[in-house]
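So the structure is just underneath, and the comments pick up after that.
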Amino acid sequence: MRLRNYIFRRLLMIVPLFFFTTILVFTLIHLAPGDPVMIMFGTSTPYMKDIVKEMRETYGLDKPLYIQYFIWLSRVFRGDLGYSYLNTRKVIQMISERGWPTIELMVLALVFSVVISTVFGVFAAVKRHSIFDNLITTTAVLGRGMPNFWLAMNLILIFSIYLGWLPVFGRFTVGAVFSSPFGYWLDRIKHLILPVISLSAFQIAYFTRLIRSTMLDVLGQEYIITARAKGLKESVVIYKHALKNALLPVVTVVGIYIGSLMGGAAIIESLFAWPGMGRLLVNSTYRREYQVLMSLNMIIIFMVLVSNLITDVVYAYLDPRIKY
Amino acid sequence: MEFPKESSIEETTALEYLFSRLSGLRKLKRNKASIVGLCIILVFIVLALFPNVIAPYHPFTTFRSRQSPSSEHWFGTDTLGRDVFSNVIWGVRTTFYIGTACVLIELVIGLLMGGLAGYLGGWIDDLLMRITDIILALPTLIVLILAVSMFKVRSINIIILVMGLIGWPYMARVIRSQVLSIKTTPYVEAAKAMGATTQRIIFRHILPNIILPIVILITIHFAGYVLWEASLTFLGLGDPNSFSWGVMIMAGKNVLRSCPWISTYPGLFLFIMLIALQILGDGLRDIFDIRV
Amino acid sequence: MIKKPESLIELENIKKYFPIRGGIISKVVSSVHAVDGVTFNIRKGETFGLVGESGCGKTTTGRIIIGLEKATEGTIMFEGLDLNRIAESEVRELRRKMGAIFQDPHLSLDPRMRIGSVIREPLDIQGFVNKSEKDEAVLKILEKVRLEPSYINRFPHELSGGEKQRVAIARALINNPEFLLADEPISSVDVSIRSQILNLIKDLIEELGLTCLFISHDLSVIEYMSDRVGVMYLGRLVELAPVETLYDNPQHPYTEALLSAIPVPGERSKERIILKGVVPSPINPPSGCRFRTRCPYVSIKCSKEEPKFFEIEKDHLVACNLRS
Amino acid sequence: MSKLLEIRDLKTYYFTRDGVVKAVDGVSLGMEKGENLGIAGESGSGKSTLGLSILRLVRTPGRIVGGEILFKGEDILKKSYDEMRRIRGAEISIIFQDPTSSLNPVYTIGDQIGEAITLHQHKVGGGMLNWLLGRFNLSRAREVNEKVEEILRETGISDASKRRGDYPHQFSGGMRQRAMIAMALSCTPDLLIADEPTTNLDVTIEAQILELMKELQKEFDTAFILISHNLGTISELCDKIAIMYAGNLMELSDIKTLFESPKHPYTEALLEAIPRLGSRGKRLSSIPGDIPDLIDPPQGCNFHPRCKYMIDGICNRYTPPFIEVEPGIKVSCFKYIPKSELSGLGL
């Protein structure tokens with residue numbers, strides 16, 4: 001029961017945080033010099049000036065900032081995310097199309113990195129100073145030095161251009177839909193491999209090193225000697241007693257990692273021409289698409305806050321010392 | 001009672017203390033990785049100070065474009081005909097400029113806020129903790145993209161300012177915890193009991209003892225800023241006419257198939273620098289066993 | 001009326017409550033009654049022993065005297081001056097007359113300073129300028145604590161635990177104070193070195209005519225060092241007497257139990273009082289006599305009436321309803 | 001009656017990066033069935049390493065490099081990993097100094113005690129699979145829980161059924177140590193090694209724990225090895241006492257003779273240097289010098305730099321043999337070797 005009202009209290013805390021961040025983002029966007037109308041029509045020719053003025057009024061861009069924010073807020077509550085200035089499509093439609101590819105990419109990258117880094121991290125800690133440990137530590141060091149976009153380009157060079165095994169970009173080859181379901185899914189996977197690897201490589205290296213060091217700390221604790229003194233098998237000592245303690249700090253880091261994963265997605269999507277929210281965000285920043293930008297950021301901030309809540313609850317559940 | 005001739009009591013500089021810890025510790029020899037890291041960084045510093053000595057041509061002189069790596073152009077030439085090798089060498093200077101500037105901003109604000117919050121506590125501490133919670137919760141790269149897109153003309157200094165302003169809470173949080181732990185040690189309490197003023201405690205006891213953790217933090221954050229800047233420029237939000245490696249890698253993106261060397265070599269230098277900073281940071285952390 | 005031997009320090013009903021903050025806006029929810037009404041005085045040239053188990057408030061009392069903690073209530077008189085009422089500058093002047101050594105030798109010296117400057121710091125703080133004069137004083141005190149002059153240029157991490165504690169003693173006494181606070185100075189020093197430190201403190205007290213407050217949880221050390229002893233339990237003084245009277249015929253049941261609980265090498269036969277239960281929490285101490293929850297002679301009176309701290313015989317005070 | 005435990009010339013070294021630390025350097029001692037042995041020594045004397053070596057719990061960089069440990073006549077060092085696992089917890093168990101860090105913070109007390117019982121009394125293979133499947137075997141779980149509650153009650157923990165579900169951080173220092181003792185005695189071992197069990201506890205709580213250990217010893221007929229730096233605690237509980245210094249065994253004798261007529265100069269100096277009740281008048285003598293560095297210990301007898309009976313040319317060159325000066329009393333010091341034999345050493 002007390003877990004429930006802890007979650008309720010945390011949800012209450014999300015609301016102010018959410019409003020504060022949206023206000024921050026809103027002012028950030030609107031402070032940027034130049035607005036979509038000016039970009040569309042340019043103000044070079046004189047007669048353009050009155051058309052620009054008229055357009056600004058229709059989009060309500062001439063009102064003071066805080067009014068624009070409240071207009072936007074009231075519309076959001078009615079579920080109307082407004083229209084994109086350039087191609088006059090409903091923002092909600094644009095985002096929903098692109099939602100699924102990004103989530104697909106991020107979830108795979110998240111699962112991929114957490115699972116692999118736990119396995120490698122624990123193994124490296126248990127078999128300390130073995131070749132296995134040295135191998136993993138060096139690859140972790142190399143992994144953390146490799147920016148995701150440079151890694152992506154190298155992977156494309158090797159696997160797509162020289163070896164030709166994997167497609168260079170895009171989410172699926174055009175004709176694949178009509179081939180056999182197995183062929184369709186094989187094609188989808190082939191497209192996913194490179195983006196997911198380049199998105200998660202940096203984090204796998206970071207987590208592996210983190211888990212290895214927390215595991216080494218825990219293996220040095222006295223309750224591990226007590227566990228061995230009870231006659232337990234080494235496997236039980238490691239996977240029951242040590243692992244649960246070692247994963248606690250990792251849970252909080254995963255929460256924060258979701259935010260940086262979104263940033264990484266923006267880069268990887270624009271590199272692999274992946275039709276996701278990240279790429280939409282980058283393009284709409286160039287083109288000053290206020291409505292699209294605001295909605296995208298609202299969704300991203302909401303995802304980050306919820307993921308932090310989930311990790312805190314999981315942490316409170318795992319560690320009995322946390323009073324909630 | 002004969003007074004020992006060779007040294008009277010005078011101020012011990014941080015360096016003397018470092019050497020006494022190092023000389024006393026045989027760990028330094030064992031920690032070869034950090035020495036390698038240090039050497040690479042020193043080489044980079046030399047490149048950053050005298051790029052024109054090493055770079056064969058001026059980065060803007062144009063030659064026949066898209067030449068593959070040859071004896072004249074070690075890294076070949078890019079789509080505009082500029083020599084990639086010279087640009088990469090000049091890129092070292094920009095990268096160092098970016099890293100040091102950001103770290104300085106972060107250090108100044110971080111020391112101020114973190115120090116105040118750690119030493120005085122109370123509402124300043126709560127305020128700082130709230131700010132850092134918010135900024136740490138936000139997806140940093142997204143906020144960077146937004147903040148940088150605010151400016152019509154995107155010069156390097158604007159990017160540095162923005163990155164520094166978004167990065168300082170990471171430093172402030174660590175400084176706060178270091179100050180808190182030092183403030184409660186018996187040697188600071190003994191100084192307080194002797195009637196030492198707050199100013200003396202801060203400058204004689206707290207600051208000197210957080211130099212080492214800060215040095216380790218700087219190596220890590222330096223790499224972080226360099227990576228952020230490269231990602232931003234790769235997305236086209238950086239300063240186009242600076243020699244940043246991110247710009248070169250982006251320029252090579254579209255012609256990857258025909259001339260891969262344009263983006264591979266700048267990326268390689270970026271990779272080497274990030275690795276060097278990392279092993280240097282880990283090495284220092286191991287020698288002085290400071291958990292940051 | 002013969003004049004009472006002039007006391008250096010007088011504590012009058014000293015109280016110290018540490019607030020516990022709770023809830024979202026961290027308002028004070030309850031408070032830890034660390035020191036709850038302590039009154040005693042320390043006579044000039046005397047070594048006053050303060051003993052009690054962990055959490056009884058003895059360290060906090062010491063910290064209040066040397067100014068590291070501000071008393072929530074009560075007055076402290078140092079050489080007849082009430083520290084709360086006199087001007088700040090005068091208080092700093094009185095602080096010069098106090099020296100302090102703490103429990104953990106490894107952390108009581110600034111790791112970054114050479115031993116010479118560590119010992120010299122009190123002189124720097126008091127504003128001495130003449131360099132050779134300060135160096136001379138450092139050498140004199142170094143000789144007193146039996147350390148070679150060459151130690152001046154060493155760093156703390158090059159010294160053993162015992163040597164570091166000697167440096168801490170030198171630092172405390174370089175400004176020839178009148179009062180020395182020794183808070184558990186030997187608990188974290190190796191057994192065979194302890195007697196060296198205890199004898200050093202004892203000799204210096206005699207040689208410099210110091211008044212000392214010696215705090216420890218070890219009754220045998222207290223017996224060896226002190227002239228008068230105060231026993232504390234859960235923030236209050238339960239018994240105070242010259243060392244002979246206290247150790248030969250303890251009046252308070254807690255002191256009796258403490259003395260009988262000490263394992264004495266060689267004698268195993270003697271009947272021992274084993275106290276039941278655990279020390280209650282200082283957040284809401286039991287009503288009436290605080291020791292009643294564990295006292296073997298508890299009566300109904302104990303839970304209602306708070307025992308007065310009265311003089312059962314000359315210079316022997318005790319706080320127990322049974323004895324009054 | 002065969003000896004319960006006999007250690008012959010045990011050597012356990014730590015191969016650290018700064019050099020080889022000879023924590024236990026050639027220690028030999030024995031224990032009968034119903035006897036209690038106290039091992040006294042300062043920090044760094046190797047007494048804890050000795051305790052851990054008996055259960056082969058010494059981890060890298062430490063390693064047992066020599067000697068034998070005969071437990072009920074069989075040499076433990078030669079036993080296989082699985083045989084050793086069956087001994088740990090069932091025949092020999094250990095409790096540690098700091099109860100806050102020797103209990104796993106994320107599992108309940110009941111679960112941690114139940115583990116040993118399930119493993120040793122239900123003859124269940126100890127792997128992860130059994131642990132996971134075991135959670136569904138309700139009948140066995142109930143049986144184990146009853147045993148846990150019983151052992152908790154016996155170690156003086158009130159309302160055991162509720163406390164079984166509590167976590168270590170909900171227990172006070174003294175209660176946690178009781179839980180540790182319950183865990184150690186849950187499978188009725190023949191030998192319990194207690195490494196500084198009451199050092200972190202207050203005097204009144206220490207008295208409770210020592211009293212408890214005395215009762216349990218009678219009830220469980222378990223021999224105790226009590227490792228402590230406090231000679232008083234050892235004399236409270238043990239009959240025989242061994243004094244260790246810098247990795248070597250200096251003296252082995254019974255309580256009475258040790259306190260009345262200590263043989264080894266180090267024991268003698270130690271007894272005079274520790275403040276004891278009733279010692280307010282006499283001045284404590286102090287042992288000059290500092291604890292030796294175990295990486296390169298002093299030549300010959302480890303204590304010779306601080307010993308007032310040091311014989312130049314002998315003590316600082318040869319290591320004294322460990323000889324029996326009286327029945328049941330052994331000392332390693334040249335003071336007890338008659339002059340004639342000294343010349344035998346070719347001096």
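Every chain is numbered from 1 and lettered A, B, ... according to where its sequence line falls, protein lines coming before strand lines.
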Side chain, backbone, both or neither: which part of Leu52(D) has an atom under 4.5 Å from a heavy atom of chain A? side chain
More than 12 heavy atoms of other groups within 6.0 Å of Lys147(D) NZ: yes
List the atom pairs, donor and acceptor, that lie under 3.5 Å between side-chain atoms in residues 170-185 of chain D and the rest of the protein, sequence neighbours left out.
unit_1: Gln170(D); atom_1: OE1; unit_2: Tyr167(D); atom_2: N; d: 2.6
unit_1: Ser172(D); atom_1: OG; unit_2: Met175(D); atom_2: N; d: 3.3
unit_1: Arg176(D); atom_1: NE; unit_2: Pro168(D); atom_2: O; d: 2.8
unit_1: Arg176(D); atom_1: NE; unit_2: Phe171(D); atom_2: O; d: 3.3
unit_1: Arg176(D); atom_1: NH2; unit_2: Phe171(D); atom_2: O; d: 2.8
unit_1: Gln177(D); atom_1: NE2; unit_2: Phe96(D); atom_2: O; d: 3.1
unit_1: Gln177(D); atom_1: NE2; unit_2: Pro197(D); atom_2: O; d: 2.5
unit_1: Arg178(D); atom_1: NH1; unit_2: Thr155(D); atom_2: O; d: 3.0
unit_1: Arg178(D); atom_1: NH2; unit_2: Gln208(D); atom_2: OE1; d: 3.2

Flag if over 12 foreign heavy atoms under 6.0 Å of CZ, Phe8(A): no
Is it the backbone or the side chain of Arg59(D) that comes under 4.5 Å from a heavy atom of chain A, or both, or neither? side chain
Can you say whether the rings of Tyr257(A) and Phe207(A) are parallel (under 30°), tilted (30 to 60°) or perpendicular (over 60°)? perpendicular
Residues in ring pair (Phe, Tyr, Trp, His ring centres under 6.0 Å) with Phe132(A), at least two apart? Phe123(A)
Output the residues of residues 219-226 of chain A for which the shortest heavy-atom distance to chain D is under 4.5 Å, in residue-number order; output 'none' if no such residue exists. Glu222(A), Tyr223(A), Ile225(A), Thr226(A)
Do Lys79(D)'s NZ or CZ and the ring of Phe71(D) fall within the cation-pi criteria of under 6.0 Å and 45°? no
Quick one: which residue pairs count as a salt bridge (Lys or Arg N to Asp or Glu O under 4.0 Å) with a foot in residues 91-110 of chain D, not counting sequence neighbours? Lys72(D)-Glu91(D)
For chain A, find which of Leu55(D), Leu103(D), Ile94(D) contributes the most heavy-atom pairs closer than 4.5 angstrom. Leu103(D)
